[in-house]
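Comments concern the structure below.
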There are 2 protein chains.
Amino acid sequence: MRRTSFADMNCSVARTLEVVGEWWTMLVMREAFSGVRRFDEFQGRLGIARNVLAARLQRLVDFGILERRLYQERPERYEYRLTEKGFDLYPVLLSLMRWGDRWTAGPEGPPVRLVHQNCGHEATSVLSCSECGEELKPREVRALMSGTGRPLLDREA
Amino acid sequence: MRRTSFADMNCSVARTLEVVGEWWTMLVMREAFSGVRRFDEFQGRLGIARNVLAARLQRLVDFGILERRLYQERPERYEYRLTEKGFDLYPVLLSLMRWGDRWTAGPEGPPVRLVHQNCGHEATSVLSCSECGEELKPREVRALMSGTGRPLLDREA
DNA sequence: CGGTATCCCATTTGATACTG
DNA sequence: CAGTATCAAATGGGATACCG
């Protein structure tokens, strides 16, 4: 049986996962954010099978998250670059990283630390409210359905 | 061929995905955040196959993200509740939702809107710096490797 | 209600080889 | 370098039946 597609679910979480929820995809994105652009560099860094990598890159291009761009004429060479849509996945990546830092790091601490250039401090990422700037916590948020959308965070968890 | 495990990668993104990166898992979490606690309610809402759901719940329990709790003695009935570790996945969920709202919503807008009770406004989630509160953008962040960790965002993307 | 057990096959994955 | 082609194995996923 073909696995269920999330594309038609009326849910932004599901529809996002339809695009980036496959095994390996977010690690490809991690590399892209770290500046990797070329097929063999993705492949070497990740240790992913070449056919799988080709499929993932293709899909990311199809969805407009990466752009395949000619960077050399003879012989023809292409590279993959993040689009605005791709860059916009940064919060997803950092949220994943943040959770891993908190819950999977050993005594030596997280493998990677972040420095926010603007303020000069070592920082972690916080999910905050676009209106008041405070941290967004599950219990302090209420979800409103529009149309047929299913409620998220509708009840006390 | 067995698929590659991300567990041993020295990367918080990879290790997080090892736990919640499988197909369906984050949708199970979505339901959990929305207050769903019982097997059949997860099943009915998601339309997931029962054996797959059982496997996902089991894995989430194994990793301490959900807790299986007896809520009725005769007959014995169990429910699944978010632990602190589970609640801490909220930023991941909202980041996924935010991206989907931006890039996959039709003209009618996002299926679900959020109201931040503390400030009373309809809000979206923003990833911000723990130190200065400003929004964290890829180009304004530098990554530092600790130990053998691979760099993230090390070069210009 | 809250699962297990089984079946079964489509898909995915990894390995390897090959090409321009 | 940047893929495509091929292949076998394994697993993932769905459907269904069953059980205390």
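Chain A is the first sequence line, chain B the second, and so forth, proteins listed ahead of strands; every chain is numbered from 1.
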Checklist entry - With respect to the phosphate group of D:dA2, does any side-chain polar atom (N or O) of A:Y71 fall under 4.0 Å of OP1 or OP2? => result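 Result: yes.
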Applying salt bridge (charged side-chain N to carboxylate O under 4.0 Å, His left out) as the test, list every pair that has at least one member in [range]; sequence neighbours left out.
range                       : answer
residues 107-125 of chain A : A:R113-A:E122
residues 4-18 of chain B    : B:E18-B:R59
residues 85-105 of chain A  : A:D88-B:R102, A:R102-B:D88

How many Å lie between [atom1] on [X] and [atom2] on [N], as a whole number?
X     : N      : atom1 : atom2 : value
B:L70 : C:dG3  : CG    : C1'   : 15 Å
B:E76 : C:dG2  : CD    : P     : 12 Å
B:L57 : D:dG13 : CG    : P     : 14 Å
A:Q43 : D:dT4  : CD    : C1'   : 14 Å
A:E41 : D:dC1  : CD    : P     : 9 Å
B:Y80 : C:dG3  : OH    : C1'   : 8 Å

Checklist entry - So, the side chain of A:S125 versus the backbone of B:L127: is there a donor-acceptor pair under 3.5 Å, distance only? => result no
Looking at residues at least two apart in the chain, or sitting in another chain, which of them share a salt bridge (charged side-chain N to carboxylate O under 4.0 Å, His left out) with [X]?
X      : result
A:R77  : none
B:E67  : B:R69
A:E134 : none

Next on the checklist: Please list, in numerical order, the residues of residues 61-69 of chain A that have a heavy atom closer than 4.0 Å to any atom of DNA chain C.
Outcome noted: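 Contacts with DNA chain C under 4.0 Å: none.
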Item to check | Secondary-structure stems, DNA chain D, at least 3 Watson-Crick or G-U base pairs under 3.5 Å | outcome: C:1-20 with D:1-20
Checklist entry - Taking atom types as modelled and ignoring hydrogens, do the side chains of A:Y71 and A:R37 form a donor-acceptor contact shorter than 3.5 angstrom? => result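 Side chains of A:Y71 and A:R37: no pair found under 3.5 Å.
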Checklist outcome for this item: Sorted by chain and residue number, the side-chain hydrogen bond (donor to acceptor under 3.5 Å, both in side chains) partners of A:T4 (sequence neighbours excluded) come out as none
Next on the checklist: Holding to side-chain hydrogen bond (donor to acceptor under 3.5 Å, both in side chains), I want the full list of residues that pass it with A:E135, two or more places apart in sequence or in another chain.
Outcome noted: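 Per chain and number, A:E135 pairs via side-chain hydrogen bond (donor to acceptor under 3.5 Å, both in side chains) with no residue.
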Checklist entry - Across the strands shown, which category fits B:F42 at heavy-atom distances under 4.0 angstrom: base, sugar-phosphate, nothing? => result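 Nothing, no nucleic acid heavy atom in range.
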Checklist entry - Mind checking who shares a hydrophobic cluster with B:L70, ILVMFWY linked at side-chain heavy-atom distances under 4.5 Å? => result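 Members besides B:L70, by chain and number: B:Y78.
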Between protein and nucleotides 12-16 of chain C, what N or O pairs are separated by less than 3.5 Å?
| residue | atom | partner | partner atom | Å |
| --- | --- | --- | --- | --- |
| C:dT13 | OP1 | A:R56 | NH2 | 3.2 |
| C:dT13 | OP2 | A:R56 | NH2 | 2.6 |
| C:dG14 | OP1 | B:T4 | N | 2.5 |
| C:dG14 | OP1 | B:T4 | OG1 | 2.5 |
| C:dG14 | OP2 | A:W24 | NE1 | 3.3 |
| C:dG14 | N7 | A:N51 | OD1 | 3.4 |
| C:dG14 | N7 | A:N51 | ND2 | 3.2 |
| C:dG14 | O6 | A:N51 | ND2 | 2.8 |
| C:dA15 | N6 | A:N51 | ND2 | 3.1 |

Next on the checklist: Counting distance alone, no hydrogens or angles: does the base of D:dC1 have a donor or acceptor under 3.5 Å from a partner atom on the side chain of A:R38?
Outcome noted: no
